[in-house]
Amino acid sequence: MKGFKALFLKETRAYFNTPTAYIIAVVFLFCTGYFSAQPMFVLGQASVSGFLDLVPLLLTFFVPAITMRLFSEEQKAGTIELLQTLPVEDHEIVLSKYAAAVTLLWSLLALTLGFPVALGILGNLDWGATLVGYAGLALAAAMLAAVGLFASAMTRNQVVAFIVGWAGSFALYALGKVDALVPPWLSPFTDFMGLDAHIHGMARGVIDTRDLIYFASFGGVFLFLTLVRLWVSRTD
Amino acid sequence: MIHVDNLVRRYGETTAVAGISFEIPAREVVGFLGPNGAGKTTTLKVLTGFLLPSSGTVKVAGLDASTDPLGCRRSIGYLPENNPLYEDLEVAEYLEWCAAARGLESAKARSAVKSAIERCALGAVIGKDIGQLSKGFRQRVGLAAAILHDPPILLLDEPTSGLDPNQAAEVRALITELKKEKTVLYSSHILSEVKASCDRVLIIHRGQIVAQGSPAELEARSTGAQRLELVLAEESKAREAADFIRAVEGVESAEPRAAGGEAAVTIMTRAEAGDLRAKIFALAAEKRWPVLELYREGATLEDVFRSLTA
């Protein structure tokens, strides 16, 4: 546990003591602000549904940008050898990096809470649905972070890690959008695999165990695969 | 302290380490010699637990690496080949992080960092980013991190490679100092260095141990032909001396050569002849040759190394 704490603090510092976190925060706030302010002015609605719709797509870019360095950098610099010869378990290594990425992602989402607050002041906002929707986004971000972390563990090249992480995330995002395009017998499958249905469910303010299971199991699978990857690197 | 039994490590089709066994008792300093690609680094990586063995057993500090890998790693200080470090951390920050990641209590961590900084003479650079350091200082940072938690065992993978002679001497001095209290296994291909600081040498070639013993033992082992050099003050005597020496029993050949006013005779002895220096000296005395030097270019560690790994 001490090992986890030290590794986690180091990863978090690597984000927040360098420009990385701040550049990402500025760009993220700019994108979300621009697109979510539009319905307010154009449609005159006090609703975050447009925002909740948009953020998953943004996350497919931002999450791999955040996670791409986590393992790739260590593999390229050879410092992975320092990490893997410390008296810490491999799962502590994986979880500490994962936790640092999720901390940054949740901080970004927390920063955007300014939009619903502004909407709440200007109009009549359904706070219950908004907060459940935010929880859905937070879970989706954490799930995609596991995908990105796995992509990073697979290569020593950060650009490849980004592209693979993005492709994986985007595939999950896109599966939720192909309902109209696939044969009807396939649509329950794409519906379940895709991000959309799960985020929309929560954006309506409904907490459904199936959504929670979806986020947890996908995230868990990719974290496990990352752990397997580390183990394989010792035997390869 | 270190016990390796029939260790095999493959990378896919290639076998890097092909069944080696050795034992290193406590407080022994062992040099790990071998040409590049012989399997030195792989062996060290298996000992640290970074790689798992394909087969065979590794015991470190009495613990089995397969059942208690963390315990093993706790008792090892490791300097990997090429010394990878977190370039964007400051020296002190990095060492503090190492201490924390190894689970040292904060008071103990502080004193450990302080003493590692002192021992490796890092005082001048503690606030600098590791990325800005010269190679010599980087190496010291790596060593400081390796000794930080006061492990009983040190595994150093080519600790002096790429250093200038002064820096290499500093690192060697540090190793010599450490050898009083620690078990050290370090790989190198600088033979003079190994000879100077190691109690014992393991020579590995194509994944197998081809020789082991103290440097003196290994040198003695190569009892083959010896080369003697006889240096005379008068150039003119060289040819005559060579002719007489050729007649001595056990001499294979004697070649005269003149160099800068002096004459030298290079004598090769037969393998079974043993040491002929006394005989040659007696001959020189009898003939009243003005002898300046007579010495044996006996088998060096280098000869042994070459003959075993060529």
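Proteins get letters first, then strands, A, B, ... in listed order; numbering begins at 1 in each.
Annotation: A:Lys177, atom NZ; neighbour count of heavy atoms from other residues, nucleotides and ligands within 6.0 Å is above 12. The environment of CZ in B:Arg206 is sparse: at most 12 heavy-atom neighbours from other residues, nucleotides or ligands sit within 6.0 Å. Around the CZ atom of A:Phe189, the shell of radius 6.0 Å holds no more than 12 heavy atoms that belong to other residues, nucleotides or ligands. With a 6.0 Å radius and a threshold of 12 heavy atoms from other residues, nucleotides or ligands, A:Leu113 has its CG atom above the threshold. Within a 6.0 Å radius of CD in B:Glu105, other residues, nucleotides and ligands contribute 12 heavy atoms or fewer. Heavy atoms of other residues, nucleotides or ligands lying less than 6.0 angstrom from CZ of A:Phe192 number more than 12.
Neither the backbone nor the side chain of B:Leu104 comes within contact range of chain A; no heavy atom of the residue lies under 4.5 Å from a heavy atom of that chain. Contact of A:Leu7 with chain B is made through backbone and side chain together, with heavy-atom distances under 4.5 Å. Proximity to chain B is limited to the backbone of A:Ser233, based on heavy atoms less than 4.5 angstrom apart. Heavy-atom distances place no part of A:Glu92 under 4.5 Å from chain B, backbone and side chain included.
Closest non-hydrogen pair, A:Leu82 versus B:Leu85, comes out as CD1-CA, 4.2 Å. Across every non-hydrogen atom of B:Pro84 and A:Ala77, the tightest pair is CB-O, 3.3 Å. Across all non-hydrogen atoms, the minimal contact from B:Arg73 to A:Gln84 is NH1-O, 3.3 Å.
B:Trp97 places no side-chain N or O within 3.5 Å of a backbone atom of A:Lys10 that could act as its donor or acceptor partner. A donor-acceptor pair under 3.5 Å is absent between the side-chain atoms of B:Arg102 and the main chain of A:Leu86, judged by distance alone.
Comparing B:His149, B:Glu93, B:Arg9, B:Arg10 by heavy-atom pairs within less than 4.5 Å of chain A, the highest count is held by B:Arg9.
Side chains of B:Tyr86 and A:Glu73: no donor on one and acceptor on the other come within 3.5 Å.
B:Lys45 is listed as a side-chain neighbour of A:Glu81, based on a closest heavy-atom distance under 4.5 Å.
Rounded to the nearest 0.5 angstrom, B:Leu89 CG and A:Asn17 CG are separated by 9.5 Å. B:Leu51 contributes atom CG, which lies 10.5 Å from atom OG1 of A:Thr85 (distance to the nearest 0.5 angstrom).
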